[in-house]
Structure formats: C-alpha cells, structure tokens
Amino acid sequence: GPSQAIFPMCAALRAQGIDAAVASTDAEIDATLPRKAFTTHKGVPVILFPRQLGNSMKYSRALSTWLTENVSNYDVVHIHAVFNHSCIAAARACRKHGVPYVVRPLGTLDPWSMNQKSLRKSVFWKVAGNRMMQNAAAVHYTARAEKQAVEESLGLNHGRVVPLGVDLTVTQGNGLQRTEFPQLTGHPYVLVLSRLHSKKGLDVLLESFIPLVKQEEFSNWRLVIAGDGPSDYSTKLKQQVRAAGAEEFVLFTGWLEGAVKESVLRNASLLALPSRHENFGLCVLEALAYGVPVLISPHVNLAEDIQSANAGWIAPVDKESIQSALSETMRSTEERRTRGNAGKKFAAQFAWPNVAAQLVELYGNIV
C-alpha cells in the first residue's frame, strides 16, 4: 500500500536530484524509529510524529504544529491520502504559507470507495476535503481509469496521471522459497500477494480454485495467500479452506517482504488479484516485472493496459468466470510463458527512474 510505495518513490526522486523527505505520523511505520527527529529510513530522510487518535484519522497535534512552522522551507508538498487529519493539516499549512501542494488520493475518491462509509466521507468532504482538493496545484492519479472516474463524479479538472513504479533490479534469494516453504517444492502455484480484505475477492478465488484442484488434472497445483489483514477476515478465509477440506492445497504465509517475498514471487506460475476495486495494484506490476502473468478483475485500474499488452487474464469477480480463467492458465505452460514475457516488457516502462522523471516534471511545472 501507500506506506510501501512512498519510500522507493522518494528514493527515486532523490536520485533525480530532488531533496525529498517524508513527514508522517507513526501509523504503519517501524516502531523502532525515533519520533520528532529526522532519521533515515530506506535511504530517505523521515520525521515521524505520534498519532493521538487512531490509525484511520491519524490525528497528530505535533505533526500539525511542525508543518505550520516548517512547510515554507519546501518548494512543493506532495500529500498522500485525503480522509485523515494529517493530510488536511498539511493542506492547511500550505495554503497559509503559499506553498503549492499535490494530492494523491490513493483511490479514496473513486465512486466505489466513496460509497464505503459514505456518511462519514460525505461530512468530511463538505467540511474539509473539497476545499483541500480544489486548492491543490494538481491531483496525482496513478491510473487513467481513476482520473476519469473521480473527475466525472466530483467535478475536479486538474489531474495528472503518474503511475507508481516498480524496482526492476534483481537481488538474490531465488531459492529461499524452497527453504522457507518446502511444501511448495515440485508444485506450480497461484500467488496472492496482497492485504487480506473483503474487497480483494479472495472468497470467490477460493470458491473457484478449490474445486479445480480436487480434479486429477490440477491436483498438483497450490494456492499461496501471502499477506495479512483484519483477523476476523483472515480467520474467515481459513475457515472457508478448512470447511472445503483443502488445507493441503492452500497455504497462508502471512506478510512477506525482502528476499523471501521476492523468491516466492519470482517462482509463482500466476499472480491473482480478483479485486472488487483496486486503484492500482502494485503487486500486479511486481509480478509482471518478474515475467509472472496475472489473473485480475476488470476493477483493477491497470486491467485495460494489461489486456492490451496480453500480459494476463481478465475475469469478472464471479466463480464461473474466475474458474474458467484459472483452468485455462493452469492447463498451458506455454501460454503462461508467452503472457509472462509480454508482462515483463510492459512492466519495464514503470521502472522507478522513469516514474520519478515524470514526477520531477510535474513539480517543475507547478513551481
């Protein structure tokens, strides 16, 4: 998600000569990092402030005060998200000191997202969100589909599309998948690499996959679900697998990162993301960068581009459609290889240096 993408984004900007730094609350950030003092995290200067009211609202008086006192030291502020106090405080400080700002809404302004907790968002939008967006120097969308949906529904008209990037450098760790998860040895597998949330359509994926692997033709296949999320939803998915007697075929690994994540990803036969809504889908790009084809829903905003590149399969979020697509891809090693190679070429355009150059251009135009 956003906290994973922000550091390679800033590192790539710094490589382009931009003095980029991150100011944030400590939500979803390494608990060992100091607060209220600049430190370096993943090669990026970071200053963190304790949140005082929940992971969602991210209220932090200390961050708000720091922004008011320091924002004039910067040429441009790039705000990531909309519906929390930290972002509103940043926009307010920018307006007070005449500093231009860019907002990346992270898909939260898409009509599907606006309908989730709609009363709360409607109030927030009227009180602060609308002013924040209207006064932004630019709105940063990561996909054309997001820009079109938001501008049509909310009447905004100053958006720019700059995608997220992907790291194309190759590191070691190709064999770690066998050591960490020996039960996968000798088995092709479908990989889910995502936050576990009801919008991801994983319940439908399980309904589609389990009957297939009960057939002799597909009995060697496995499904690897790598990620974490709310415990009640994770438990529900595991109960679904247990009730179907499919523990042998489905592996829950928990959150993966570093060399282990890379190894599990590069050795996958297919990555699946049948989301009911997906603003970008960074894991999709990560898979394609390794030549792993993808099975995604039309609601993933990269779907149209991936279909044009013939880099995977697109299927609606229903059991029959996903099962049909799965059986097609699981049957054909050659077709998976063909679409994976196409995906690798497609992903090359999203290398972080290319994306950072687009952001530098955006900032330059604003200044």
Side-chain angles (χ1 to χ4, degrees), residues 1 4-5 7-9 11-12 42 142-143 163-182 184-195 200 205 209 221-227 251 253-275 278 280-297 300-303 305-314 325-326 328-330 332-356:
Q4 296 296 311
F7 292 107
M9 178 186 290
K42 299 184 178 180
T142 53
L164 295 179
V166 64
D167 186 0
L168 299 181
T169 59
V170 178
T171 60
Q172 299 303 311
N174 192 34
L176 281 175
Q177 167 256 343
R178 290 190 296 272
T179 357
E180 295 288 329
F181 307 108
L184 295 177
T185 302
H187 295 285
Y189 59 88
V190 178
L191 174 65
V192 172
L193 187 65
S194 170
R195 181 167 61 101
K200 303 294 184 178
L205 179 63
F209 178 82
W221 279 79
R222 299 293 182 263
L223 174 62
V224 177
I225 299 180
L251 172 64
T253 68
W255 181 257
L256 299 180
E257 56 186 352
V260 175
K261 169 190 166 183
E262 181 182 319
S263 181
V264 170
L265 184 54
R266 74 161 70 239
N267 286 290
S269 298
L270 179 74
L271 180 124
L273 189 67
S275 294
E278 194 71 42
F280 189 75
L282 188 56
C283 64
V284 173
L285 265 189
E286 290 177 323
L288 295 176
Y290 285 116
V292 177
V294 298
L295 167 57
I296 60 177
S297 79
V300 176
N301 277 342
L302 286 173
D305 294 328
I306 287 171
Q307 188 165 38
S308 298
N310 193 35
W313 288 260
I314 316 296
L326 279 173
E328 179 184 340
T329 185
M330 289 159 71
S332 177
T333 303
E334 187 57 39
E335 187 61 24
R336 291 197 307 275
R337 184 180 297 113
T338 297
R339 300 197 191 197
N341 288 336
K344 198 167 187 177
K345 292 177 183 176
F346 171 76
Q349 65 186 297
F350 295 92
W352 271 119
N354 297 340
V355 172

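All residue numbers in this chain count up from 1 along the given sequence.
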For Leu282 and Ala5, work out which heavy atoms get closest and say how close.
CD2-CB, 4.4 Å
Partners of Ser297 by side chain to side chain donor-acceptor pair (under 3.5 Å), sequence neighbours excluded?
none
List the residues meeting salt bridge (charged side-chain N to carboxylate O under 4.0 Å, His left out) with Glu334, not counting sequence neighbours, and say none if there are none.
Arg337
Separation between CG of Leu295 and CG of Leu271, rounded to the nearest 0.5 Å
9.0 Å
Write down the atom of Val292, the atom of Ala268, and the distance for their closest heavy-atom approach.
CG2-O, 3.7 Å
Do the non-hydrogen side-chain atoms of Leu205 and Leu326 ever get within less than 4.5 Å of each other?
yes
Under the salt bridge (charged side-chain N to carboxylate O under 4.0 Å, His left out) test, residues paired with Arg195 that sit two or more places apart
none
Please report the interatomic distance CG(Leu273) to NZ(Lys200), rounded to the nearest 0.5 Å.
5.5 Å
Atom CG of Leu256 and atom CG of Leu265: how far apart are they, to the nearest 0.5 Å?
10.0 Å
The side chain to side chain donor-acceptor pair (under 3.5 Å) partners of Gln307 (sequence neighbours excluded) come to none
Considering residues at least two apart in sequence or located in another chain, which fulfil the side chain to side chain donor-acceptor pair (under 3.5 Å) criterion with Gln349?
none
Val264 backbone acceptor or donor facing Tyr189 side chain under 3.5 Å
yes
Set of salt bridge (charged side-chain N to carboxylate O under 4.0 Å, His left out) partners for Arg336, sequence neighbours left out:
none
Sequence neighbours excluded, which residues qualify as side chain to side chain donor-acceptor pair (under 3.5 Å) partners of Asp305?
Arg144
Distance-only donor-acceptor check, side chains Glu335 and Ser332, under 3.5 Å:
no
List the residues meeting side-chain contact (heavy atoms from CB on, under 4.5 Å) with Lys344, not counting sequence neighbours, and say none if there are none.
none
Atom pair CH2/CG of Trp352 and Leu164 - distance to nearest 0.5 Å:
5.5 Å
Find the distance between NE2 (His187) and OG1 (Thr185) and round it off to the nearest 0.5 Å.
8.0 Å
Does the side chain of Val190 come within less than 4.5 Å of Val224's, by heavy atoms?
no
Indicate yes or no: at least one non-hydrogen side-chain atom of Leu191 is less than 4.5 angstrom from one of Asn267.
no
What distance do Ser308 atom OG and Leu302 atom CG have between them, rounded to the nearest 0.5 Å?
11.5 Å
Considering residues at least two apart in sequence or located in another chain, which fulfil the side-chain contact (heavy atoms from CB on, under 4.5 Å) criterion with Ala351?
Leu168, Pro353, Asn354
With sequence neighbours left out, write down each residue that passes side-chain contact (heavy atoms from CB on, under 4.5 Å) with Pro163, or none if nothing qualifies.
Phe280, Phe350, Val355, Gln358
I'd like to know if Lys42 and Glu257 make a salt bridge, using a cut-off of under 4.0 Å between side-chain N and carboxylate O.
no
If the condition is side-chain contact (heavy atoms from CB on, under 4.5 Å), which residues does Ala347 pass it with, not counting sequence neighbours?
Leu285, Leu288, Ala289
Residues 282-291 vs salt bridge (charged side-chain N to carboxylate O under 4.0 Å, His left out), sequence neighbours excluded, gives Lys261-Glu286
